[in-house]
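Data block below; observations after.
Below, chain A is the first sequence line, B the second, and so on; all start at residue 1.
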Number of protein chains: 2
Amino acid sequence: MNESLTGTRERILAAAAEIFGARGFKAATIRQIAEAAGVNVAAINYHFKGKLGLYTEVLEALLSEGFTRYPADMGLCPEAPAAQRLEAFVRSFCNRLLGPEGWGGYHGKARLIVKEMADPSPALAEVVDHHIRPHKRMLVEIVQELLGPGVAPQAALACTFSIVGQCFYYAMAQPLLTLLAPEREDVETRIEELAEHVLIFSLGGIDKIVDSLSVAPGDGGGP
Amino acid sequence: MNESLTGTRERILAAAAEIFGARGFKAATIRQIAEAAGVNVAAINYHFKGKLGLYTEVLEALLSEGFTRYPADMGLCPEAPAAQRLEAFVRSFCNRLLGPEGWGGYHGKARLIVKEMADPSPALAEVVDHHIRPHKRMLVEIVQELLGPGVAPQAALACTFSIVGQCFYYAMAQPLLTLLAPEREDVETRIEELAEHVLIFSLGGIDKIVDSLSVAPGDGGGP
DNA sequence: AGTTGATTTAAACGGTTGTTTAAATCAACT
DNA sequence: AGTTGATTTAAACAACCGTTTAAATCAACT
């Protein structure tokens, strides 16, 4: 973490990533950040235009680093089988979200994203456009290929959200999980197992969706 | 909403449910609540011991009402087939979480629970013990029955979280979803479709988990 | 050395927060 | 009518927030 940064601007950014990650945008105060960075509060408003300006830069850098370190295709060529591409997507997603080299899960910087969901700041729309939307499109295409031709786009969208929702849950609902299953060790230590579970579960889910659509496209499914 | 409550205590509780639901524990202010209830700020500290006391009572009442209106078994007898019990669980869960008679999804009182995940208040542990833990146990039993005998408990737990995670995602990640798929109408209007999707997807997921465990309990699965 | 412009600082500003104080009001009973 | 105790109120309190101001410091160039 401490890279012994010399410039004040960099020191502020590093401290802000830490404090914003731990407490979120609203709860974090620029005085805490200034103290952690060893600078005056006014220096923050001088280098960035204000609290929101600093936060936007931190969030943008966080997303950028995460998606660079864990690319969603994991170096796989786009012509690889859809199941392989799904595995790459899920594994990189879990590692990016929960891994210590990534956002570190609920106890790390991923909490920033969790808080961003709880109440979005003006910075959310930007990072969605820059980073999240392209990856959502990528996953939708994988799912559509797995579902096969002639399947309604909204079905692919629902499966997409089912996949992402599983991974997100482990990052977002950590307080619940530790209260509900305290015997279970933290997810951060079993990321690959989690990714494999999500992959298998989701492949099975997609298969069953295909079945239900081809067998009975309209009613609840015959006996 | 306005039930023309006479007692100040009830008026405060009603207003607090509204304001806490819209803004969360920290962002909501007792002055907003006092104004909405038409009482003085000091009255809140008189009847409840403070902001946290009021919040705890509101949260407890919210959970209690939700689980009463949408019981997780939907009146099904406990000896019914596991698949039916899962359907009841998922449908009641989605309706409770997203339905207008329930917690109203992200734009309603469910946001309170979302914020409680983002940063838990001291009131979370209580409602988990009172309401959530029993229902988690119920779902784990259903999943274990679907998985069949001789399956590791942690596999059932993972499937349980996969199911709940899908539903939760629609409530927690609403800001993301509206940014990513603005053409899609709000989930609150398609609850039954969502529940059916989650049910089918999850049944397929559980099936595939069973397959993977019986075929290759240890490696990544054959060709 | 002296000037210039960018950077950093201490201090204060205006506003909001949860909570408390002490006085005023109300209802019920003697 | 008068007393008592619970309730409600206006007002103040102390702490904190993000931001701004104006002066002090620094680095670079003439």
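- Each of Asn45(A) and Thr29(A) lies near DNA chain D, and the nucleotide nearest Thr29(A) is the one positioned closer to the 5' end.
- Across residues 115-126 of chain A, not one residue has a non-hydrogen atom less than 4.0 Å from an atom of DNA chain D.
- No more than 12 heavy atoms of other residues, nucleotides or ligands shown are found within 6.0 angstrom of CZ on Arg23(A).
- Here the C1' atom of nucleotide dT19(C) and the NZ atom of Lys49(B) are 11 Å apart, to the nearest Å.
- The shortest non-hydrogen separation linking Ala42(B) to Asn40(B) is N-OD1, 2.8 Å.
- We find that CD of Glu35(B) is positioned 14 Å from C1' of dT16(C), with the value rounded to whole Å.
- For the pair Ile44(B) CD1 and dG18(C) P, the interatomic distance rounds to 9 Å; values are reported in whole Å.
- A pairwise comparison of heavy atoms in Phe168(B) and Ile113(B) identifies CZ-CG2, 4.3 Å as the closest pair.
- Across all strands shown, dA12(C) forms a Watson-Crick or G-U wobble pair, both distances under 3.5 Å, with dT19(D).
- Nucleic acid contact class of Ala34(B) (heavy atoms, under 4.0 Å, all strands): none.
- Without hydrogens or angle criteria, Tyr106(A) side chain to Met117(B) main chain gives a donor-acceptor distance under 3.5 Å.
- Ala156(B) and Leu147(B) make their closest contact through CA-CD1, 3.6 Å (heavy atoms, listed as atom of the first residue, atom of the second, distance).
- Taking all atoms of both residues into account, the shortest heavy-atom contact from Cys167(B) to Val198(B) is SG-CG1, 3.9 Å.
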Next item on the list: Would you please test Gln166(A) and Ser202(A) for side chain to side chain donor-acceptor pair (under 3.5 Å) and show each step?
Entry: CA-CA 9 Å; Gln166(A) 292 176 68; Ser202(A) 300; 3.1 Å; yes

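- Note: CD (Gln32(B)) to C1' (dT19(C)) measures 17 Å, nearest angstrom.
- For DNA chain D, the outermost nucleotides in 5' to 3' order that have an atom under 4.0 Å from a heavy atom of chain A are dC17(D) to dT21(D).
- No more than 12 heavy atoms of other residues, nucleotides or ligands sit less than 6.0 Å from atom CD of Glu35(B).
- Side-chain atoms of Lys51(B) come within 3.5 Å of backbone atoms of Phe25(B) as a donor-acceptor pair (strictly under, hydrogens ignored).
- Of all nucleotides present, only dG5(D) satisfies the Watson-Crick or G-U wobble test against dC26(C), with each distance under 3.5 Å.
- dT17(C) atom P lies 10 Å from atom CZ of Arg23(B), rounded to whole Å.
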